[in-house]
Colleague: 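Below you will find the structure I want to go over with you.
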Amino acid sequence: MADDDRSPEDEFQELIRQLFGGGAGDIDPEQLSRLSGMNIDPAMMQTVMRHLQGAFAGADSGGISWELAQRQALHIANQDGLGVTTGQRTDLDQAFALAALWLGEATTISELASPPRTLTRGGWVEATLPVWQQLAEPVATSIADALTSALSEQAPDDMQGLVQGAGRLMRTVGGSLFASQLGQVVGNLSKEVVSGGDVGIPLMPDGEAAILPQNFADFGRDLEVPEDQLALYVATRELAHARLFRHARWLRLHVISQITDFARGVHVDTDALEELASRFDPSEPEELRRALESGALLPARSEAQDAALARLENLLATIEGWVEVVTADATSRLPSADRIAEAVRRRRAVGGPAERALGSLVGLELRPRRMREAAAMWRAVTDAVGPAARDALWDYPDLMPGADDIDDPAALVARLEARARGEEPAPDEFDDALAKLLAGDAPDDRTGPDEPGDEPGPDESGEGGAPDDHRPV
C-alpha cells in the first residue's frame with residue numbers, strides 16, 4: 001500500500017510501531033500531520049511521544065517502568081551530591097559498636113552477621129527500592145488497568161479495535177506516570193529517613209542496619225541533645241530493629257504480605273478516573289499527576305480494607321513497641337534517652353511529607369497508631385518474665401502477641417508466668433480439636449462400612465492392611 005493511500009488509523013498504528021521500536025525521535029512530521037483526520041492534534045502527539053519515549057522503552061510487559069522510578073528517585077536523592085565523610089563514618093561506627101554491647105544486656109536476640117553501614121541518600125534508594133516496588137506494584141497495576149478501561153470507554157465505537165490494539169500504550173501511560181510519582185516519593189523520603197528501620201517496615205535486606213549521616217545531622221539539629229548521645233540512641237534503635245527481623249525470619253514476609261494484601265484491595269475510583277479521562281490531555285499530564293499525588297483516584301476504603309489496615313497497624317505497633325522497650329533498656333545510661341525517645345515517638349506518629357505522599361499514592365499510611373499501648377504490653381511482659389521469655393515470643397508466628405494481648409497485657413503476662421512455673425495452659429478449642437485428631441476421633445465423612453461397595457478396614461477383617469497401607473491400625 002502506498003503511503004498516500006493509508007488511512008489515519010494506519011498512520012496511528014505505524015506511529016505505535018515506531019514508538020515501541022524506539023524510533024519515535026525519527027517520526028516524519030508529515031506523517032504526524034495526517035493524524036488531523038482522526039481529530040488528534042499532531043503537535044500534541046509529538047509532545048506525548050517525546051515525554052514518554054523513555055518510559056516506554058524501559059517498561060516491562062506489565063506496562064510499569066520501574067527503571068523510571070529508580071531514575072527519578074536517584075535524581076532527587078543525589079541532588080546535593082553529598083557523600084559520607086570519614087569522620088561521620090568513624091563516629092557512627094563507634095556508636096554502633098557501643099550500642100551492640102548495650103543491646104547484649106537488654107535482649108537475648110543475637111547480633112547481626114554483617115556490620116552496620118553508613119549510607120548516602122542515593123545508597124538508601126538503591127538498597128530499598130526493590131521493596132518499594134513490591135509494595136506498590138498491586139496499586140500500580142490497578143491504576144494502569146483502570147486507565148486503559150476508562151480511555152477505551154471514551155473512544156468511539158469505530159475506534160475500539162484500534163484502541164484495543166494500542167492497549168499496551170495506554171497501560172504504559174498510567175504505569176509510567178505512577179512509577180514517576182513513586183520515584184518522587186521515594187526520592188523525597190530519602191531526605192527524611194534517618195536509618196534503615198525508620199519507616200517501620202523491613203526495607204533493608206535481611207540482617208542489615210544503616211544510618212544516613214546527612215539526615216541524622218538534620219534530625220538532631222533542633223533537639224539540643226549532645227550528638228554522641230543522639231548517635232548512640234539512633235544506633236541502638238536501628239540495631240534492635242535489624243536484629244529482630246534477622247532473628248524472626250518469618251516476620252519480614254509477614255509484614256510485606258499484609259501490606260501487599262491491603263494494596264491488592266485498592267481499586268481506582270472509576271467515576272473520578274473517567275471524568276478525568278474525558279478531559280485528559282496527554283501532552284499536559286500534570287492533572288493526572290496531581291490526582292495521583294492527592295489520592296483523588298483512590299476511593300474510600302472498604303470494610304475489608306479497614307480490617308486489613310487494623311491488622312497491619314497492630315502488627316507494626318507490636319514490632320515498634322518491642323523495639324522501643326529494648327532500646328529504652330539498652331540506653332538507660334544515656335542522660336537524654338527519654339527526651340530522644342519522645343522525639344522519635346512524635347516523629348513516627350506524624351510522619352513526614354514524603355510518608356504522607358506515599359499514603360496518598362497507595363492508600364496506606366504506615367503509622368503504628370497503637371505503639372504506646374504495645375510498648376506498655378512489652379514493658380509488662382519484660383518486668384514479669386524477663387528478656388529471655390519475652391524475646392522467645394518471636395520464635396514462631398503463633399507465639400507473637402496479637403491485638404487482644406495489646407488490649408489486655410495482664411492475660412498475656414498470666415499465661416507466660418504460668419508457663420515459667422511449668423504449668424500447662426488451659427486447653428482451648430484448637431487444642432481440643434488437635435487432641436481428638438491425634439486420638440483418631442476426628443469426624444469422618446467417608447461412607448460407613450455397611451454401605452455397598454465399602455471394603456472392610458484392617459480392624460474389621462481381623463488382618464493387617466496391605467503392606468503399603470499407612471492408615472492407623
Side-chain angles (χ1 to χ4, degrees), residues 99-114 196-197 200-202 204 206-209 236-258 311-332 341 368 370-435 438:
L101 292 176
W102 286 359
L103 276 174
E105 301 173 359
T107 177
T108 58
I109 292 181
S110 60
E111 296 186 18
L112 302 179
S114 57
I201 58 177
M204 296 291 294
D206 272 339
E208 291 193 14
T236 303
R237 184 178 179 86
E238 172 65 6
L239 284 179
H241 191 271
R243 283 190 183 191
L244 176 59
F245 277 94
R246 180 177 181 270
H247 171 79
R249 295 191 179 275
W250 53 269
L251 186 58
R252 178 187 184 90
L253 178 61
H254 194 46
V255 173
I256 291 179
S257 63
Q258 286 207 21
R311 290 192 298 271
L312 177 61
E313 287 177 342
N314 283 322
L315 174 60
L316 294 179
T318 304
I319 294 169
E320 290 286 315
W322 181 90
V323 170
E324 179 174 318
V325 168
V326 170
T327 301
D329 290 347
T331 58
S332 58
R370 304 186 67 194
M371 187 172 70
R372 289 184 185 272
E373 293 90 338
M377 175 197 70
W378 286 116
R379 174 57 63 198
V381 170
T382 305
D383 294 342
V385 298
R390 175 201 65 198
D391 296 344
L393 294 175
W394 294 107
D395 289 349
Y396 302 101
D398 56 343
L399 296 179
M400 184 185 69
D404 292 341
D405 297 316
I406 296 178
D407 294 333
D408 184 15
L412 173 62
V413 168
R415 294 198 305 271
L416 293 176
E417 288 178 332
R419 184 183 303 168
R421 293 192 298 266
E423 299 175 4
E424 289 293 332
D428 55 17
E429 293 181 2
F430 177 81
D431 295 325
D432 293 339
L434 181 61
L438 294 177

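All residue numbers in this chain count up from 1 along the given sequence.
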Colleague: Given 3.5 Å as the limit, does a donor-acceptor pair link the side chain of S110 with the main chain of H247, or not?
Modeller: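 No: the side chain of S110 does not pair with the backbone of H247.
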
Colleague: Mind listing the closest non-hydrogen atom pair of A317 and A374 along with its distance?
Modeller: O-CB, 3.2 Å

Colleague: State, yes or no, whether a side-chain contact exists between T382 and V326 at a heavy-atom distance under 4.5 Å.
Modeller: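 No, side chains not in contact.
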
Colleague: Taking atom OG of S257 and atom CZ of R252, what is their separation to the nearest 0.5 Å?
Modeller: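 Here the interatomic distance stands at 12.0 Å.
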
Colleague: Would L112 and L239 satisfy side-chain contact (heavy atoms from CB on, under 4.5 Å), going step by step from the backbone distance to the final call?
Modeller: CA-CA 8 Å; L112 302 179; L239 284 179; 3.8 Å; yes

Colleague: Compare all side-chain heavy atoms of R372 with those of E324 and state whether any distance is below 4.5 angstrom.
Modeller: no

Colleague: For the residue pair V413 and A384, what are the closest heavy atoms and their distance?
Modeller: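 Heavy-atom minimum between the residues: CG1-CB, 3.4 Å.
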
Colleague: For G402, does its backbone N or O pair with a side-chain atom of D405 as donor and acceptor, under 3.5 Å?
Modeller: yes

Colleague: Do M377 and P401 have side-chain heavy atoms sitting under 4.5 Å apart?
Modeller: yes

Colleague: If we ignore hydrogens and angles and just use 3.5 Å, is the side chain of W378 paired with the main-chain N or O of E320 as donor and acceptor?
Modeller: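 A pair under 3.5 Å: no.
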
Colleague: Are any non-hydrogen side-chain atoms of L312 and Q258 less than 4.5 angstrom apart?
Modeller: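 Counting from C-beta outward, L312 and Q258 do come under 4.5 Å.
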
Colleague: Find the distance between OG1 (T107) and CG (L244) and round it off to the nearest 0.5 Å.
Modeller: 8.5 Å

Colleague: When rounded to the nearest 0.5 angstrom, what distance separates CG in N314 from CE in M371?
Modeller: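 Reported value, rounded in 0.5 Å steps: 14.0 Å.
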
Colleague: Do any N or O atoms from the side chain of R243 and from the backbone of I109 form a donor-acceptor pair under 3.5 angstrom?
Modeller: yes

Colleague: Go through E313 and R370 one step at a time and tell me if the side-chain contact (heavy atoms from CB on, under 4.5 Å) criterion holds.
Modeller: CA-CA 7 Å; E313 287 177 342; R370 304 186 67 194; 5.8 Å; no

Colleague: Do I256 and I201 touch side chain to side chain, with heavy atoms closer than 4.5 Å?
Modeller: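 When only atoms from C-beta onward are counted, I201 and I256 do not touch, as no gap falls below 4.5 Å.
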
Colleague: Would you say the side-chain atoms of R246 pair up with the backbone N or O of E111, donor to acceptor, closer than 3.5 Å?
Modeller: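 Indeed, once roles are kept as given, a pair shorter than 3.5 Å links the two residues.
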
Colleague: Pair W394, F245 - check side-chain contact (heavy atoms from CB on, under 4.5 Å), show working.
Modeller: CA-CA 10 Å; W394 294 107; F245 277 94; over 6 Å; no

Colleague: For the residue pair A99 and T236, what are the closest heavy atoms and their distance?
Modeller: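 Residues A99 and T236, closest heavy atoms: CB-OG1, 3.2 Å.
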
Colleague: Quick one: list whatever passes salt bridge (Lys or Arg N to Asp or Glu O under 4.0 Å) with R390, sequence neighbours left out.
Modeller: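 By the salt bridge (Lys or Arg N to Asp or Glu O under 4.0 Å) rule, R390 matches no residue at all.
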
Colleague: Compare all side-chain heavy atoms of I319 with those of V255 and state whether any distance is below 4.5 angstrom.
Modeller: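 The answer is yes; the side chains approach within 4.5 Å.
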
Colleague: To the nearest 0.5 Å, what is the distance between CG on L412 and CG on L393?
Modeller: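 Rounded to the nearest 0.5 Å, the CG-CG separation comes to 6.5 Å.
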
Colleague: With side-chain contact (heavy atoms from CB on, under 4.5 Å) as the test, would you mind laying out the steps for D329 and R379 before giving the verdict?
Modeller: CA-CA 10 Å; D329 290 347; R379 174 57 63 198; 2.9 Å; yes

Colleague: Report yes or no: does E373 contribute a side-chain atom to a donor-acceptor pair with the main-chain N or O of D407 at less than 3.5 Å?
Modeller: no

Colleague: Please confirm whether the backbone N or O of A242 pairs with a side-chain atom of E208, one donor and one acceptor, at under 3.5 Å?
Modeller: no

Colleague: Let me see the working for W322 and D391 under side-chain hydrogen bond (donor to acceptor under 3.5 Å, both in side chains), right down to the final yes or no.
Modeller: CA-CA 9 Å; W322 181 90; D391 296 344; 3.1 Å; yes

Colleague: So, T327 side chain and V323 main chain: donor-acceptor pair closer than 3.5 Å or not?
Modeller: yes

